[in-house]
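Data block below; observations after.
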Amino acid sequence: MTTPGTGPLTTADLVEGWHRAGVREGMALIVHSSLSSLGRVEGGAAAVVASLREAVGPGGTVAGPTFTSDTVRDPAPGHSGAPGPEVAELRSAVPLFHSGLPSATGAVAEALRTLPESLRSTHPQVSVAAVGAHAREVTARRSLGFAVGRESPFGALHDLGGYVLLVGVGHNRNTFLHYAETFAPNRRLKLRRFPMAIQGERVWIEAPDVADDNDTHFPVVGREFEKRAGIREVLVGEAACRLVPVRELIPFAVRRLTELLAADGPGAA
């Protein structure tokens, strides 16, 4: 294995690191990552994706968030009623979602999305790209409302007994905590707005979803779960990495988020 600081990480170094973190053949993974956290990587993001695929083998699946909330969104969210010329012009410039639309969720996720064999789910703001044995199953699910909930790629990964691999990032980037919050009775809410083409006509859709956590409760819940589950942090290159089992995380996170949100009191979101 390459010693940090002596040379760039190779694909073989990365595979060895993922195995030390607990990744095994046949696993279904969703990877939240910071490429820069690893240090120098020979081959960059593409090599990271290749190493993850090698680590899970032909029977495994690698998924990544390819969100487009920054581009497929209402540029005038405070405007109600029929739009005037200025608002109409702004809204007309917002692209419709399509499978080739770039994502700003990170270099590794974007490298995964651009693979020729990659599949991508179709939510306009919260899509997931995947390759491997269960890629079609993962990316087939979509719900416009509660886009990270039961009928989403996250629900499919849960059903597969999947894992979250955090590479140099914290639980504030763990979308499965949003998934957990969809089951909390006192969940925080927001409204998504995005354009879609329906029967050839461009229309704006409003759909409810869980709100952003803004580093309020997710880091706490994540740390508590790691301690309870005995999850160990492993250095891969220079990145602190943790492998989190989804089926064990969700009931714990639903209970703790319910408690923490209750403590916040009404109207705290």
Side-chain angles (χ1 to χ4, degrees), residues 30-37 44-46 48-49 62-80 83 86-115 118-130 138-139 141-149 152-154 157 164-179 181-182 187-198 202-219 269:
I30 186 162
V31 183
H32 293 283
S33 60
S34 163
L35 177 62
S36 62
S37 71
V48 176
V49 172
V62 178
T66 51
F67 301 165
T68 51
S69 306
D70 54 340
T71 52
V72 185
R73 62 179 178 84
D74 187 358
H79 182 87
S80 60
E86 289 185 7
V87 170
E89 183 177 358
L90 287 171
R91 288 178 175 169
S92 68
V94 176
L96 294 172
F97 175 81
H98 56 87
S99 62
L101 189 66
S103 167
T105 320
V108 174
E110 184 66 358
L112 177 66
R113 181 193 71 78
T114 56
L115 288 172
S118 180
L119 301 177
R120 190 179 190 183
S121 63
T122 59
H123 190 281
Q125 291 183 340
V126 194
S127 64
V128 168
V138 168
T139 57
R141 290 198 194 180
R142 183 188 77 174
S143 173
L144 293 179
F146 297 99
V148 297
S152 75
F154 298 92
L157 284 162
V164 182
L165 180 62
L166 300 174
V167 180
V169 299
H171 284 279
N172 59 340
R173 296 272 295 276
N174 182 357
T175 307
F176 263 106
L177 291 175
H178 288 293
Y179 174 85
E181 189 168 345
T182 67
R187 61 196 179 188
R188 298 163 290 183
L189 296 175
K190 70 179 180 182
L191 195 65
R192 294 186 181 275
R193 295 194 82 245
F194 43 80
M196 291 185 68
I198 299 178
R202 180 185 171 101
V203 298
W204 281 85
I205 303 294
E206 291 186 347
D209 209 342
V210 288
D212 299 332
D213 180 67
N214 296 319
D215 295 350
T216 304
H217 296 312
F218 288 1

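- With sequence neighbours excluded, no residue forms a ring pair (Phe, Tyr, Trp, His ring centres under 6.0 Å) with H32.
- Between P95 and T71, the closest heavy-atom pair is CD-O, 3.6 Å.
- Side-chain N or O atoms of T68 include one that pairs as donor or acceptor with a backbone N or O of P124 at under 3.5 Å.
- Residues satisfying the side chain to side chain donor-acceptor pair (under 3.5 Å) test with S36, not counting sequence neighbours, are S34.
- Counting only residues at least two apart or on different chains, the salt bridge (Lys or Arg N to Asp or Glu O under 4.0 Å) pairs with a member in residues 87-98 are D74-R91.
- When all heavy atoms of V126 and S121 are compared, the closest pair comes out as O-OG, 4.3 Å.
- For the pair P75/V94, a side-chain contact is recorded, criterion being any heavy-atom separation below 4.5 Å from C-beta on.
- With sequence neighbours excluded, the residues forming a side chain to side chain donor-acceptor pair (under 3.5 Å) with R192 are Q125, D209, listed by chain and number.
- Annotation: ring pair (Phe, Tyr, Trp, His ring centres under 6.0 Å) contacts of F176 (sequence neighbours excluded): F154, Y179.
- A donor-acceptor distance shorter than 3.5 angstrom exists from the side chain of R73 to the backbone of D70, with no hydrogens or angles considered.
- Partners of L115 under the side-chain contact (heavy atoms from CB on, under 4.5 Å) rule, at least two apart in sequence or in another chain, are V49, R53, L112, E117, S118, V131.
- Residues V138 and P153 form a side-chain contact, since some pair of their non-hydrogen atoms from C-beta on lies under 4.5 Å apart.
- With sequence neighbours left out, H178 forms a ring pair (Phe, Tyr, Trp, His ring centres under 6.0 Å) with F218.
- Listed by chain and number, the residues in a side-chain contact (heavy atoms from CB on, under 4.5 Å) with S103 are T66, T105, E110, R120 (sequence neighbours excluded).
- Applying the side-chain contact (heavy atoms from CB on, under 4.5 Å) rule to T216 yields the partners R188, D213, N214; only residues at least two apart in sequence or on another chain are considered.
- Here the closest non-hydrogen pair linking V87 and A76 is CG1-CB, 3.9 Å.
- Residues forming a salt bridge (Lys or Arg N to Asp or Glu O under 4.0 Å) with D215 (at least two apart in sequence, or on another chain): none.
- Nearest heavy atom pair, residue R187 against residue T182, reads NH1-O, 2.7 Å.
- For the pair L189/F146, a side-chain contact is recorded, criterion being any heavy-atom separation below 4.5 Å from C-beta on.
- For A45, the side-chain contact (heavy atoms from CB on, under 4.5 Å) criterion is met by L35, A107, V108, A111, not counting sequence neighbours.
- Side-chain contact between F194 and M196 is present, with heavy atoms from C-beta onward closer than 4.5 Å.
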